[in-house]
Amino acid sequence: MIQEGQIYTGRVRGIKPFGAFISIRSEEKSKDGLCHISQISTRRLESPSEILKTGQEVFVKVIKVQNDGKISLSMKNIDQSKGVEILETETMESRGQKRRQDADLWELTQMNNAFGAKRIALMGNGGEDPYAEVDEAPEQDSEEEEVEIEVSKSVPSFLKGKNLKLDVDESALTVTKNPEGSMTRVAQYGSKFMSEAKTRKLEKKKEEERNKRLEEKIRMNGDPLNQITRPTENEIKKSAYEEWQRQSKNQSYGIRSNMSIKEQRESLPVYQKRDELLRLVQQNDFLIVVGETGSGKTTQITQYLAEEGYSSKGVIACTQPRRVAATSVAKRVAQEVGCKVGEEVGYTIRFEDCTSNKTIIKYMTDGMLQREALVDPDLMKYSVIMLDEAHERTIATDVLFALLREAVIRRKGGLKLIVTSATLDSQKFSRYFENCPVFHIEGRTFPVKIFYTKEPELDYIQSSIETVIDVHTNNPPGDILVFLTGKEEIDTCCETLVEKMSLLRAEKPHVSELIVLPIYSSLPSEMQSRIFEPTPSGKRKVVLATNIAETSVTIDGIYYVIDPGYVKVNAYDPKLGMDSLIVQPISRAQADQRSGRAGRTGPGICYRLYTKNAYLNEMPANTVPEIQRQNLSYTILMLKAMGIDDVLGFNFMDRPKEQLILTALEELYILDALDENGVLTEFGKRMAFFPMEPLLSKTLIQSIEFKCSDEVITVIAMLSVPDIFYRPKEKRDEADRIKAKFHDYNGDHLTLLNVYNKWSDADNPRLWCQNNFIHEKSMRRAREVRRQLLKIFDNLDKRERQAESSVISCRGNWDLIRKAFVSGFFKNSAKRAATHDPDEGSYRTLVENTPVHIHPSSSLFRKHGVDYVIYHTLVLTNKEYMHCITKIDPKWLLMYAPRFFKTADSSQLSTKKKTEKLQPLFNRNDPKENWRLSKGRR
DNA sequence: CACTCCTTA
């Protein structure tokens with residue numbers, strides 16, 4: 001018999017990313033003639049493959065032999081040369097030694113089926129491989145048992161003494177400059193017009209349902225909306241085509257083709273300052289460039305640097321916050337240089353590396369350079385890096401600020417950094433970069449006349465609509481751009497404008513036609529591109545846009561901008577782990593950016609639907625940088641992976657609140673990416689290989705142990721793209737019905753898997769998407785993410801010297817997929833509220849007990865018998881909604897997140913429940929207690 | 001009964 005507490009010789013049977021499988025020799029067979037291989041896991045900083053080799057003999061201590069024959073092992077404090085226990089006395093241990101031991105602890109994990117249990121037959125002297133492996137069938141879930149679960153977070157030593165509890169005030173978003181101002185109040189209460197439109201819509205729907213005859217009548221007479229838009233749509237298309245043909249013949253190439261590329265380049269404002277700019281670059285390692293729009297900085301500065309010879313010392317890089325910007329600028333510059341994209345001039349974005357060894361000018365996304373800094377912190381292949389559009393302050397740019405600042409200093413003149421900024425914060429930028437000079441290049445835009453309202457507007461939707469109609473009826477030709485906060489507002493405004501215009505034109509036939517077009521990111525791209533069609537003469541176009549039209553999309557021919565002064569901003573609440581989409585007043589910088597959109601093709605006018613006083617006194621100067629209002633766990637993991645341990649002291653230009661960093665650290669600790677001392681674990685290192693949120697990378701790695709990585713890769717690819725379900729206004733119900741065909745009983749993660757599988761099986765994927773109301777673009781993107789993930793898995797296998805691929809299919813055992821997600825997303829778990837709860841259908845999160853709701857788009861919406869769930873994200877919009885939800889068995893929380901959950905206090909349980917209760921409370925920190933986790937699972 | 005925007009080997 002194998003004895004507890006004894007040291008045995010074992011043999012390493014296989015090395016896993018986490019640890020190893022170890023088999024133990026024993027004199028006697030176990031009851032069923034089988035001996036178990038146990039899994040041993042490690043938290044060392046080295047990879048297990050660096051410590052152990054397959055076939056190697058090791059000394060292990062048996063901690064526990066269970067009734068079913070399962071064995072718990074440990075290698076902690078076993079002298080591997082002698083096979084004896086190292087006994088230490090407490091007094092000898094200095095604090096430092098203790099710490100090192102903690103970090104080196106070989107942690108033991110009781111093997112169970114979910115973690116890839118294998119049995120080996122013990123054959124005696126039969127001559128066959130005594131270690132031949134026998135796969136054990138995955139255990140089916142036993143019938144439901146009631147378990148009460150509560151959170152039992154332990155605070156790691158590196159976070160002890162830190163204030164992890166937040167004050168209520170602090171957890172809420174406070175970014176407004178003037179919380180008492182009229183704009184803030186309006187933002188809080190919302191538009192009366194909107195809420196009225198909403199109730200009107202609801203009533204309308206009710207009426208329609210009640211009276212089918214009326215519906216038929218409407219159909220016979222024609223829907224008022226369609227009556228107006230349909231004939232005009234054809235007209236637009238026809239005349240737009242004619243217009244386009246006329247323009248492409250004479251005009252659109254007109255100005256450009258008259259000028260040679262050389263002449264065009266020399267006509268840019270930046271050309272006048274070429275020599276001065278190059279002198280400053282030569283004299284300084286850091287340089288701030290304030291380049292207004294139309295100055296030519298993005299396309300020219302890189303070329304000047306290359307002409308000046310900087311390319312001989314390394315690649316000249318220029319970062320952009322968006323993928324399209326990186327590719328389109330690279331194409332333009334390649335044209336100017338006279339090469340193909342990918343030769344001397346290239347670009348690198350995710351999934352697309354269009355560079356070669358000839359490339360000397362490289363445009364890339366800021367996120368891409370951030371990933372590159374992870375591999376090479378000194379960025380040795382670059383001689384100059386230009387952080388373009390830095391005033392947008394994306395998280396990647398902010399991180400690069402600090403990383404590049406250090407890299408430039410370390411490389412002592414070998415690397416130059418150019419940062420572009422807006423006028424407003426150029427001094428701040430200069431101070432941060434060692435008081436470097438600021439270089440101004442004037443832009444080339446047309447003047448924009450700005451009008452303010454005399455009184456504060458109480459309903460910005462209503463006044464936007466009124467202003468549009470006013471401009472249309474009274475002002476000379478020129479298209480209108482209106483900035484609204486979201487899809488719902490835009491749709492309602494579109495409808496109202498079309499209605500109002502038809503009434504107006506019936507009354508006053510001389511009023512010209514107004515073409516109303518919406519644009520927001522979730523609109524399919526063929527609908528989006530309609531805004532670029534030129535306006536037929538004699539008509540006017542009004543584009544209702546979200547802030548997508550501030551930077552990402554530029555529409556030619558806009559002469560009027562209507563700016564109500566609000567945006568929807570995402571503010572992450574670290575305490576609740578919840579994104580909040582809140583309507584807020586914009587910043588002054590943003591207001592200026594918006595008005596600038598009127599002056600691109602000629603002098604323009606901007607109507608600001610707020611007072612000048614509000615602009616000056618209620619609006620903050622700058623938008624709060626993203627790094628101060630997002631979940632930072634991915635960013636912090638990257639920093640840790642770069643060897644930056646003191647993230648609290650990291651030199652951010654605008655430091656995020658300590659709470660935001662602390663909760664990110666805590667999240668990483670909970671996921672086992674950080675150890676007790678806040679040091680990156682081997683597991684965390686592996687997580688950093690994946691370009692995604694830590695919750696996702698943890699799930700991905702765990703899925704190997706759950707033997708369902710193939711499927712989990714697909715689901716995570718689907719989670720990493722924008723919403724795949726398309727819901728056009730007219731065919732909403734049909735779309736919903738078709739979507740329901742994909743629903744899985746257990747929730748949205750598996751629904752996504754269904755969709756992906758059906759899509760990849762389809763003969764004609766394009767047609768399939770059309771028929772099933774699915775965004776084809778997102779699906780193709782998901783396939784790209786999937787491919788990338790497969791590659792990363794492959795690389796990890798090579799790194800771990802794994803012969804077999806760790807991409808494993810669960811072959812239909814989809815419970816394993818849900819279990820894998822529990823092991824990553826246990827933090828995002830919620831429990832159905834008690835049935836007597838007044839708010840029926842609501843849930844409460846296990847971590848903070850926040851009331852939350854199932855989003856109506858979920859396949860679990862209004863489903864019964866769903867008591868425990870995990871969710872992908874929590875977003876506060878109209879309500880606190882969980883998005884992408886999957887039903888789970890609460891026992892899984894105990895099994896796969898044992899450091900985080902425990903069963904509820906036994907005194908609260910009924911006697912019946914007590915007998916069924918899975919586990920007594922145990923000491924999570926004692927490896928000897930780990931065996932309890934899977935006891936009772938038979 | 002429902003969605004600001006963007007990115008990441």
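Below, chain A is the first sequence line, B the second, and so on; all start at residue 1.
In the set B:dT4, B:dA9, B:dA2, B:dA9 carries the atom at the smallest distance from any side-chain atom of A:Gln788. Minimum atom distance to the side chain of A:Ile548 is reached by B:dC6, of the listed B:dC1, B:dC6, B:dT8. Nearest to the side chain of A:Tyr881, among B:dC5, B:dC1, B:dT4, sits B:dC1. When distances run from any side-chain atom of A:Ser857 to the nucleotides B:dT4, B:dA2, B:dA9, the shortest one goes to B:dA2.
Heavy atoms of A:Ile395 sit nowhere under 4.0 angstrom from any nucleic acid atom. Residue contacts for A:Tyr520: at a heavy-atom cut-off of 4.0 Å it reaches the sugar-phosphate backbone alone, with no base atom in range. At a threshold of 4.0 angstrom between heavy atoms, the contacts of A:Asp579 with the nucleic acid are absent. The residue A:Thr551 sits apart from the nucleic acid: no heavy atom pair falls under 4.0 Å.
Ring geometry for A:His872 against A:Phe825 counts as tilted: the plane angle lies between 30° and 60°, on a 0 to 90° scale.
Residue whose closest nucleotide on DNA chain B sits further toward the 5' end, between A:Arg781 and A:Phe861: A:Phe861. Residue-to-nucleotide proximity on DNA chain B shows that, of A:Arg727 and A:Phe689, the 5′-proximal contact is made by A:Arg727.
One atom, CD1 of A:Ile519, and another, P of B:dT4, lie 14 Å apart when rounded to the nearest Å. Separating the CD atom of A:Glu392 from the P atom of B:dT4 is a distance of 19 Å, rounded to the nearest angstrom. As a whole-Å value, the separation of A:Phe351 CZ from B:dT7 P is 11 Å. Between the CG atom of A:Leu860 and the P atom of B:dA2 there is a distance of 18 Å, given to the nearest Å. With rounding to whole Å, A:Asp748 atom CG is found 13 Å from B:dA2 atom C1'. Computed from coordinates, the A:Glu626 CD to B:dC5 C1' distance equals 8 Å when rounded to whole Å. Distance A:Gln320 CD to B:dT8 C1': 16 Å, rounded to the nearest Å. In this structure, the CZ atom of A:Arg862 is 6 Å from the P atom of B:dC1, given to the nearest Å.
Considering only residues two or more places apart in sequence or on other chains, A:Glu489 meets the salt bridge (charged side-chain N to carboxylate O under 4.0 Å, His left out) condition with none of them. Scanning for side chain to side chain donor-acceptor pair (under 3.5 Å) contacts around A:Ser858 gives A:Asp748, with sequence neighbours left out. In terms of the side chain to side chain donor-acceptor pair (under 3.5 Å) criterion, residue partners of A:Thr845 (sequence neighbours excluded) are, by chain and number, A:Thr850. Looking at residues two or more places apart in sequence or on another chain, you find a side chain to side chain donor-acceptor pair (under 3.5 Å) between A:Thr348 and A:Asp353. For A:Thr394, the side chain to side chain donor-acceptor pair (under 3.5 Å) partners at least two apart in sequence or on another chain are A:Asp366, A:Thr397.
When each of A:Lys331, A:Gln320, A:Glu352, A:Arg323 is paired with A:Tyr347, the side chain to side chain donor-acceptor pair (under 3.5 Å) condition holds for A:Glu352 and for no other. Checked against A:Ile461 for a side-chain contact (heavy atoms from CB on, under 4.5 Å), the options A:Thr492, A:Leu484, A:Thr485 give a single hit: A:Leu484.
Applying the 4.0 Å criterion to OP1 and OP2 of B:dC5, one finds that A:Ser521 has a side-chain N or O inside that range. Checking the phosphate oxygens (OP1, OP2) of B:dT7, no side-chain nitrogen or oxygen of A:Thr365 falls inside 4.0 Å. Residue A:Arg323 places at least one side-chain N or O under 4.0 Å from the OP1 or OP2 atom of B:dT8. At B:dA9, one or more side-chain N or O atoms of A:Arg350 fall inside 4.0 Å of OP1 or OP2 (strictly under the cut-off). For A:Asn878, a side-chain nitrogen or oxygen approaches OP1 or OP2 of B:dA2 to under 4.0 Å.
DNA chain B is contacted by A:Gly367, A:Met368, A:Arg371 of residues 367-379 of chain A, taking any non-hydrogen atom closer than 4.0 Å.
In terms of polar N and O atoms assigned as donor or acceptor, the side chain of A:Asp366 never comes within less than 3.5 Å of the base of B:dT7 in a complementary pairing.
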